[in-house]
Every structure is written in C-alpha cells, then in structure tokens.
Trainee: 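Have a look at this one.
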Amino acid sequence: MSQIDLEPVKGTRDFYPEDMRFRSWLFGHMRAVARSMGYEEYDACVLEHADLYIRKAGDEITRQLYDFKDKGDRHLSLRPELTPSLARMVMAKGSALALPVRWFAIPQCFRYEETQRGRKREHFQWNMDAVGIASVAAEAELMSAQAELCRRVGLKLEKGAEPEVIWRVSNRQVLGHFLAGMGIEGDQFAQVCVCIDKRGKITDAELTIELGKVGVDAERAARILALLDVRGLDQLATAVPADNPGLAALRELMELAASFGIDHLIRIDLSVIRGLSYYTGTVWEVFAQAGTFRRAIAGGGRYDRLCEQLGGAAVPMVGFGFGDIPIAEVLAELGRLPQLPRGLDDVVFPMGPKAFPYANRIAAHLRAQGRSVAVDYSQRRFKHVVQRAEDDGAQRLFILGGDEIAKGVCKVRTLGGGERQESEVPLAGLGA
RNA sequence: GACCUCGUAGCUCAGUUGGUUAGAGCGCAAGAUUGUGGCUCUUGAGGCCGCGGGUUCGACCCCCGUCGAGGUCCCCA
C-alpha cells in the first residue's frame, strides 16, 4: 500500500472541528427540547442482528440494509433506524418497565443506497418515542417537540404568517377501516398498501390493474384512489363513515394539537403513507415550505403492534425520526446557519522554553476560573501568534518574554477590539 | 436501478482544433519589521491534472472503464 485513500467511505462524512461545532449545536437543541418534555436519553449499539429489520412486507429499508457476515458467521447490520432496537429493549425489560416511558436518542444510522442531496449512507437521526401511551395526545406532544426544535434552530412557525415548516398528517386506520368496509382485511390489506405505495411512479390506470391482481375490482379501486386525494378534516368527514376510527383519531389529534399551539402547522393529507410497514395509526411527515428542499425533513408514526410482530406482547408506541442532514440543508439554503465560535477564551504565549513553566502555571490558574486556555508553544514570530490567537477567537493574549519574567510580570493584551489594549499584571497574581 | 454533469495546488477556479517547463486569486511560509496582528511590498513552498487502460510522434484535453461528488427520475432512515 503506497498511500491510503484520504476520502471517507462513500456516503459518509468526516466531522472536522468546524463541522462538529454545528453538529454539537444542533444536537444540543435536540437534547434540550427532549429533556424539557421529560424524555430520557438512551442508546443501543450501531450493530444489530439483521433479522431485526427483515420484515415480510418487503419494506424498502430491508433492501437497503448495510449488512454483512461477521467472523462468527452472524448476519449483522448497521442499524438503518433505531425503532426496532427500541422495541427490542422494551421487550427485553418486559413487565419490569413501568409504562409509560418517554425516551429519546440521537443515533447514527446507515443505509446502503445511492447518495443525493440530503441523502447519504450515514446520518444522525434524533428519535423521540413515547411507550405505553395509547392516546393521540402522545402524537401531539411529539409533533410539538419537533416544532419546538424547528423554532430553536431559527425557522419561523408563527401563526398568521406562512409557516416555513408544515406537518402532513394521516392515519392508517382511515384506510384500514375503509377497506374493511369493502371486505379487505389482513393480508389483503397489506397487499393493497404495497400497491398504493407505488402511486406516483405508475399511472392510476396501471395502479387499478395492480389492485385488480390482489382482488380489488375497478369500482373499489377508484374509491380507494379518491380517498388518497382527501385533504383536510372536513373533506375527510364526507369521504368516510362517521364511525371510521381513523377520522375520530385525526379529529382528536387536531384538538390536542391546538392545545400545543401547533394546529396551524398541520395539514391532514391522506396521501401520506410512510414506507415502514409497522405503522398502525397516525403517520406524519414534516416538510420545509421555505427554500427548495422538497424532501421530508422528519417523519413519525404510531406502531402499536411492532413488539407483537417481533414476538412479544403488543405495546402502544409512537415516535419520530428527525435527521441531521435535511435540516442542515434547509438552514444553509436560508442563510440561517449559526456563526459558532471556537470557544477559546485565552492564549498564553511563552516566547522561549524558559517561559514555558510560567505559562503553564498561568494557564492552570485561568483554567481554574473556568476559562478555556491554550498555551502557544510554537515560538513563532510574534505577529503570527497574535494573528492566530485572534483568528481562534481568543479574548486575551498573555505574553511572557524574557523582559516580563525579569520584571516579574505578564503582559496581558486584549484582542478583538480596534485599539490595542495592553497591561502588565504581576506574575504572583496569576499563580506563576 | 435509469439518465445527465463535474473531478486540475490546502480552497475557489483558468488552461486555446491535442503541442515544449500546467497558471491565477485566496490561503500557507519567510523577510522588509533582531519582541507587537489586521494594511502594503518582496520572495518561497506546495501538482501522479481522481485512478486505470487505450488512441497518438505527443494527452489535463480524445475514447473506454472505474472511483468519488452533484443533479433529474425512482425511492426513502
């Protein structure tokens, strides 16, 4: 090997300190929002048994597993999402886990797919999940958390103006009950959902033929497709019977959303399906209205039977995922990326090796006061050291040359201002 | 999985129908200023022209492949 490849693995990112500042800032807001709502942080390993993700419904996510065999011939996968791990952890605790619990995490997730704008092979995804809450109050709470995060990073969601982010919300029970009324249930319902998911990539005429193959005649197919075009509660109320549980759930959700002050951000939209087969109730996707990024920046849903599908008892669960890449794309396009300082407070500059011990003692003295202090051992030209300290955002430069030490002082220079400000401070007062 | 565009210095990019030694700005380094930044000037370092084949007397340039980055579909954590 002559030279290693300096590029990170395809679709993955390096985080240099300047990149890490943004990431830490974003994650900090995510943690703050989650904790403010009583959610506790947890995590699992990035490696999981691939079986955890392989579902017979043929989810897209299963085909994009970043999987491999380990040396023990285990079929493992880098996690594509955290939800199955959460279900596994909840099941493992069993009845020892006093429900409800509210948990959050910021896991790094992987998928093996072609890269595009806002879509790499690796990303971090803020997850918040409520376990053991059957009421759609949990959904409203989670959406309000997403809204709060959007607000904190600088997106405008005020009432009265056109919001920069909206929530497109549906409920799978609407379609489920509707189909049950036609005698379509169980496996056939799943097959119909798979067909419906193709909507947009094939014509409605072709889709009608596909539906015919799974036993849905043209007349019923037309009614199904019409249902997907429904927008808003009023229109939905005329499209389905009053006893449709999905309709009732969406009505209740809107009422609760109002109490969180986010009802003006929600658009009832029956075309929202979501690609994960385990969703059973509310499903939603979050879209930026401002800018040109048209991909969902976050999504969520209720999955009350995932634990059951994994072989345990059913537990009502609902949660969302919120990726770090789309939100960064949106903020960048809108010019809202924050200017984040490096966070260095002081630089101590010993001009020669004899001054190093003095510099170290002064640095320790300042650090004990809670300041971030770097000692510049470079012995480079003075102008270079000053410029570097300034570029690093330091507020003060502590200068220690032979003259200062002979006098028992340290020159303290204030950086950043227009005028030069310098004073001499006795070494004894600086712990040196 | 389909189609399209682009890979030249650390960064942003020039580079003539294929022709000698591949350039600029910014940045970096040294000096002017033997210990005081931001301005200015001088000088310097830094390149397998993404990688591998091919065509040609000769390839940064043309052809094929490959890797990577973007874009439009498709889809989606």
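Each chain gets a letter, A, B and so on, in the order the sequences are listed, and its residues count up from 1. Note that the structure is predicted; figures quoted are calculated from it, not measured.
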Trainee: Of the nucleotides B/A69, B/A77, B/G37, which has the atom closest to the A/K10 side chain?
Mentor: B/A69
Trainee: Are any protein N/O atoms closer than 3.5 Å to N/O atoms in nucleotides 2-9 of chain B? If there are, list each pair with its distance.
Mentor:
none

Trainee: Taking the same atom, C1', in B/U40 and in B/A22, what whole-Å distance lies between them?
Mentor: 30 Å
Trainee: Using Watson-Crick or G-U wobble geometry with both distances below 3.5 Å, tell me the partner of B/U16, or none.
Mentor: none
Trainee: Can a salt bridge be assigned to the pair A/D269 and A/R267 using a cut-off of 4.0 Å between side-chain N and carboxylate O?
Mentor: no
Trainee: Base, sugar-phosphate or nothing for A/G11? Non-hydrogen atoms, less than 4.0 Å.
Mentor: sugar-phosphate
Trainee: Quantified in whole Å, what is the C1' atom distance between nucleotide B/A69 and nucleotide B/U8?
Mentor: 15 Å
Trainee: How do A/Q421 and A/Q125 order along RNA chain B: which one's closest nucleotide is nearer the 5' end?
Mentor: A/Q421
Trainee: With rounding to the closest Å, how many angstrom separate the P atoms on B/C6 and B/G58?
Mentor: 27 Å
Trainee: Taking only the P atom of each, what is the distance from B/A14 to B/C74 in whole angstrom?
Mentor: 32 Å
Trainee: On a heavy-atom basis, which atom in A/Y66 and which in A/F68 lie closest, and how many Å separate them?
Mentor: O-CD2, 4.2 Å
Trainee: Is B/C48 paired to anything, Watson-Crick or G-U wobble with both distances less than 3.5 Å, and if yes, which nucleotide?
Mentor: none
Trainee: Establish whether the base of B/G38 is bridged to the side chain of A/Q387 by a donor-acceptor pair shorter than 3.5 Å.
Mentor: no
Trainee: Taking any heavy-atom pair under 4.0 Å as a contact, classify A/R79: base, sugar-phosphate, or nothing.
Mentor: nothing
Trainee: Summarise protein proximity over nucleotides 25-35 of chain B in one line of letters, 5' to 3': B for base, S for sugar-phosphate only, - for none, counting protein heavy atoms closer than 4.0 Å.
Mentor: ----SSBB--B
Trainee: With both distances under 3.5 angstrom, what nucleotide forms a Watson-Crick or G-U wobble pair with B/A30?
Mentor: B/U42
Trainee: Please name the nucleotide paired to B/C61 by Watson-Crick or G-U wobble geometry with both distances under 3.5 Å, or report none.
Mentor: none
Trainee: Using Watson-Crick or G-U wobble geometry with both distances below 3.5 Å, tell me the partner of B/C3, or none.
Mentor: B/G71
Trainee: Evaluate A/D346 against A/R367 for salt bridge (Lys or Arg N to Asp or Glu O under 4.0 Å), listing each step before the verdict.
Mentor: CA-CA 9 Å; A/D346 298 320; A/R367 287 169 186 147; over 6 Å; no
Trainee: Among B/G68, B/A77, B/G1, which nucleotide has an atom closest to any side-chain atom of A/E114?
Mentor: B/G1
Trainee: Quick one: does A/R413 reach the base of B/G37 with a side-chain donor-acceptor pair under 3.5 Å?
Mentor: yes
